Asker: 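One structure, as structure tokens, below. Some questions next.
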Number of protein chains: 2
Amino acid sequence: MDIQGLPGRLLADLGPAIASGEIAEGAVLRIEELEERFDVSRTVVREAVRMLESMQLVASRRRVGITVRPRSDWDVFNPTLIAWRLAGADRPAQLRSLGSLRVAVEPAAAGLAAVHADDDQRRRLGALATEMTMTGRAGDLDAFLRHDADFHATVLQASGNEMFAHLGATVEAVLRGRTEHHLMPHHPEEYAVQLHREVAEAITTGDATAAERAMRAIVTGALEELDAVLD
Amino acid sequence: MDIQGLPGRLLADLGPAIASGEIAEGAVLRIEELEERFDVSRTVVREAVRMLESMQLVASRRRVGITVRPRSDWDVFNPTLIAWRLAGADRPAQLRSLGSLRVAVEPAAAGLAAVHADDDQRRRLGALATEMTMTGRAGDLDAFLRHDADFHATVLQASGNEMFAHLGATVEAVLRGRTEHHLMPHHPEEYAVQLHREVAEAITTGDATAAERAMRAIVTGALEELDAVLD
DNA sequence: AGTCATTAAAAGTATGACCATTTGCTTCGG
DNA sequence: CCGAAGCAAATGGTCATACTTTTAATGACT
């Protein structure tokens, strides 16, 4: 997602360290120190710091240094930050947050999609639900994941709301994390897959209420499973 | 929200211009050109560009320049970008997007708040609802706005979900925009205010379902009013 | 016409100097 | 002894310039 020159290297090192709490709130970095530590020029350090600053991870003050801001200030919707946290120590907390967000957003998106989806999207959802059924039965978790993520992204897209649409990538990250960390049963539950078929059906027929209800069942189910696993 | 040195000046100029479409998708900027145009050094230009880049507004490529990315790539959850769009040409679209987001998120947040709010937050909500009633009757729109925004921020905070909590500032921006642009009746509707009292009551007594329902009525009402006005 | 080498344009990086601001300390006066 | 004024050092902020690397475009040679 983020591969850009030398500042990128600093980011890829500092960002996760801050996100994971390894570099604690209130810790102070100095430009000169970073220059030496990474053996790069001031220019590069400053650009990396600027990016951290624009995520509200740090604040830079003269005569003081670059201080790590309290977590409550962080721009928790920043996709890069989300990725770092998903990869790091507070995966569980991040997954729970995203789980709640999904419960709020995806049913609404499904309802809107039933009204706004174009023909292509409706076809696509049907096809994806079918694929999920088949790859699920076959136990092909990789393919299943791809289709699952694609399904949810398509629904979010079809909602016609740009902000919902942008959560597609985030949802994919959540789903991927789930399979990669073996939080999935070997064969996805037939019931969950059936709910996806219901969502596709409802969106195709333009039944907003049914789409919303079925999607709510999916995401609340996912959240419950998640809560069950994270103990 | 964002006032930082010279790069900040560039940002405050370029960002809104891009966000409003004044600088169109695919347009190409060059560092040297920006240096001259704003009479600043390369360092400053590069840092400003870095920030635009981290919002996915532009992409920088060697031998080509800094190109404005398609809107679909933009990080639409970035608070700075939201502010720019709210202030600029596509206010309406942005307000609609945020309205839908509120409809999705705030009822869920209210439901969670009924479970997770601490004593202080419950007291605060009750007090704010009372204030809204009084300032609403008095027609003091400024004070009403403050309490309204505070109310919603508190509910989002009390949900216990950091991502929801962070939408507080955004919701405030939406509400402020509404009053500032005279999309509010002179005296806020008594019914809307009553719904706020209901939310406070439900959260205080721990009734998640009632809190969710009342909040849903508030935000769907707001969205309908918005849609009615934006024609 | 197609392929490969050449060239030039633009971003990326480095360096060193200087500026501006903030904080802490010191000194002076009461 | 205390407080205020002012001084000094530390640190980020800005600048100018030169060098490096990537890559699109051009043109030559098959």
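Here the structure is a predicted model, which is why all the values come from computation and not from measurement. Throughout, protein chains are lettered first and strands after them, A, B, ... in sequence-line order, and every chain is numbered starting at 1.
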Asker: Take the protein atom CG of Leu6(A) and the nucleotide atom P of dT22(D), then report the distance between them rounded to whole Å.
Answerer: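 Rounded to the whole Å, the gap is 11 Å.
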Asker: Look at Arg46(A) and dG13(D) and indicate whether a side-chain polar atom (N or O) is within less than 4.0 Å of OP1 or OP2.
Answerer: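 Yes.
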Asker: So how far is it from Arg146(B) CZ to Leu141(B) CG, rounded to the nearest 0.5 Å?
Answerer: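 Arg146(B) atom CZ to Leu141(B) atom CG measures 11.5 Å (nearest 0.5 Å).
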Asker: Could you give the CD-to-P distance, from Glu35(B) to dT17(D), as a whole number of Å?
Answerer: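 Computing the Glu35(B):CD to dT17(D):P distance gives 11 Å.
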Asker: Using the closest heavy atom to pick a nucleotide of DNA chain D for each, name whichever of Arg30(A) or Arg63(A) lands nearer the 5' end.
Answerer: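 Between the two, 5'-proximity favours Arg63(A).
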Asker: Run the salt-bridge test on Asp148(B) and Arg176(B) with the 4.0 Å N-O cut-off and return the result as yes or no.
Answerer: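 Salt bridge flag = no for Arg176(B) with Asp148(B).
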Asker: For the pair Arg46(B) and Glu47(A), find out whether any cationic side-chain nitrogen is under 4.0 Å from an anionic carboxylate oxygen.
Answerer: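 Here Arg46(B) pairs with Glu47(A) in a salt bridge, since their nearest N and O are under 4.0 Å apart.
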Asker: Think Arg42(A) has a side-chain N or O under 4.0 angstrom from the OP1 or OP2 of dT15(C)?
Answerer: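 No, no such contact exists.
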Asker: Distance check needed: dA9(C) C1' versus Arg61(B) CZ, whole Å only.
Answerer: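 Nearest whole value for this atom pair: 14 Å.
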Asker: Whole Å only: how far is the CD1 atom of Ile31(A) from the C1' atom of dT14(D)?
Answerer: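 Whole-Å distance recorded here is 11 Å.
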Asker: Tell me the interatomic distance from Glu32(A), atom CD, to dA9(D), atom P, rounded to whole angstroms.
Answerer: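 Going from Glu32(A) (CD) to dA9(D) (P), I get 16 Å.
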Asker: Find the distance Glu47(B):CD to dT13(C):P and express it as a whole number of Å.
Answerer: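 In whole Å, dT13(C) P and Glu47(B) CD are 13 Å from each other.
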Asker: Can you tell me the distance, in whole Å, between the CD atom of Glu36(B) and the C1' atom of dC15(D)?
Answerer: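 Between C1' of dC15(D) and CD of Glu36(B): 15 Å.
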Asker: For the residue pair Arg96(B) and Asp90(B), establish whether any side-chain heavy-atom pair is separated by less than 4.5 Å.
Answerer: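 With C-beta onward as the side chain, the pair stays apart.
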Asker: Measuring from the side chain of Val64(A) (C-beta onward, heavy atoms only), which nucleotide among dT15(C), dA24(D), dT23(C) has the closest atom?
Answerer: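 The answer is dT23(C), which lies nearest to the side chain.
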Asker: Distance check needed: dA9(C) P versus Leu29(B) CG, whole Å only.
Answerer: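 Rounding to the nearest Å, CG of Leu29(B) and P of dA9(C) are 19 Å apart.
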Asker: Is any side-chain N or O of Ser60(B) closer than 4.0 Å to OP1 or OP2 of dG12(C)?
Answerer: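 Result: yes.
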